[in-house]
Amino acid sequence: MIDLRSDTVTRPTPGMRRAMADAEVGDDVFGEDPTVRALEEETTAALGRQAALYVPSGHMSNQLAVFVSAGTGDEVWAHERSHVVANEQGALSVLSRVLPRTFGGESGAPDQELLEDWARGADDVHRARPRLVCLENTFTGRVVPIAEQRRVADFAHAHGMRLHLDGARLWNAAVALGITPERAAEGADTVSVCFSKGLGAPVGSALVGDADSIARARRARKMLGGGMRQAGIIAAGALYALRHNVGRLAADHARAERLAAGLAGLPGLDATARTNMVLVTTEPGAAERRVAEFRDAGVAAFAPGPDLVRMVVHLGIDDADVDEAVLRIGKAVRAAG
Ligand SMILES: *Cc1c(COP(=O)(O)O)cnc(C)c1O
């Protein structure tokens, strides 16, 4: 099976396994795990911030960001399809008791008129207080231009709000734009980055930001039961990923282009590459059926919508896998008529 469901399906490479096996460890709840500390320091430096916190998942990282920036009854603005709103079981309303207010659109960023409309009368006694805006970069593989991110950040700051950037795939955005991760995170007060997606580590994400926010996030992580003891074992995989696997994302992006080009011209499918993802629009309502056909032919994909199939390239996929996937999908499509 050529597994293109997600860039989370990677397994540690031999070099990463060795780094994990050899990791120096200590009790991280006591702040004594040197590998976790090194990971947090290098992530802080990569993002040009004051502090970072290693957490088990991007989900927890997002939720801690909401928790430190907004509280009971506050408004949090985010895309209706953003991970923090749509894919975390409503945790922001459970844990931080905030009111999500969602925008739509394909770009991932709210337009200026909408921001101005929502900010109007924010002091009105009827209104919840807007506290936080969340953006994702990349957003479903799409790079949000840094000028757009900056625009939203400036607006938020001018209105007493903070910006959280869900950068699960910020590394992909940076590589695609040819800029540093620090520049790609421009304007955000807190940033969540994943090591377990395109970077290929087995476990973990980090929340990055100013020292005070991260100190409060560290307390909240413990409150939620996320204090980890000899976490250096897994942090070593993340540290290895950060040191070795950022630059190679360019190869994933090139392979996504190769895959999309290979699928172009197949009847009933319209494929577009966006960073490490290929998004395939099918006939109306046909996504699940296509995914089943591809699976029978030996390619695993995922249907995020009724006529949308997603394929994600990652470090377990080489050029030969891409070419083989194109062959198998072509055969499946022709067999289905
Ligand atoms: C995967 C993902 C997350 C969450 O990561 P987990 O580690 O799976 O909890 C958050 N945001 C985005 C945009 C993601 O793609």
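Just so it is clear, the structure is predicted and the values come from calculations on it, not from any experiment. Numbering starts at 1 and runs along the sequence shown. Both ligands and their constituent atoms are indexed starting at 1 by order of listing.
- Proximity of Asp74 to Pro130: side-chain heavy atoms (C-beta onward) are nowhere separated by under 4.5 Å.
- Contacts with ligand 1 closer than 4.0 Å are made by side-chain heavy atoms of Asn62 only, the backbone lying farther away.
- Atom 7 (O) of ligand 1 has as its closest protein heavy atom Gly58 N, 2.8 Å.
- With contacts defined as side-chain heavy-atom distances shorter than 4.5 Å, the pair Thr72/Val98 does not qualify.
- Shown in contact with Arg169 at under 4.0 Å from a heavy atom are these atoms of ligand 1, numbered in order with element: 15 (O).
- Heavy-atom contacts from other residues, nucleotides or ligands closer than 6.0 Å to CG of Asp22 number more than 12.
- Within the structure, ring pair (Phe, Tyr, Trp, His ring centres under 6.0 Å) contacts touching residues 201-244 (residues at least two apart or in different chains) are Tyr240-His244.
- Under a cut-off of 6.0 angstrom, the local environment of CZ in Arg216 is crowded, with over 12 non-hydrogen atoms contributed by other residues, nucleotides or ligands.
- At a heavy-atom cutoff of 4.0 Å, ligand 1 is contacted by both the backbone and the side chain of His59.
- Proximity of Lys197 to ligand 1, defined as any heavy-atom pair under 4.0 Å, is confined to the side chain (atoms from C-beta onward).
- Not a single N or O atom of Ser205, backbone or side chain, sits closer than 3.5 Å to an N or O atom of ligand 1.
- At a threshold of 4.5 Å between side-chain heavy atoms, the hydrophobic network of Ile, Leu, Val, Met, Phe, Trp and Tyr places Val193 and Leu242 in one connected group.
- In terms of protein heavy-atom proximity, atom 11 (N) of ligand 1 is closest to Asp166 OD2, 2.6 Å.
- Each of the following atoms of ligand 1 lies closer than 4.0 Å to a heavy atom of Ala168: 2 (C), 11 (N), 12 (C), 13 (C), 14 (C), 15 (O).
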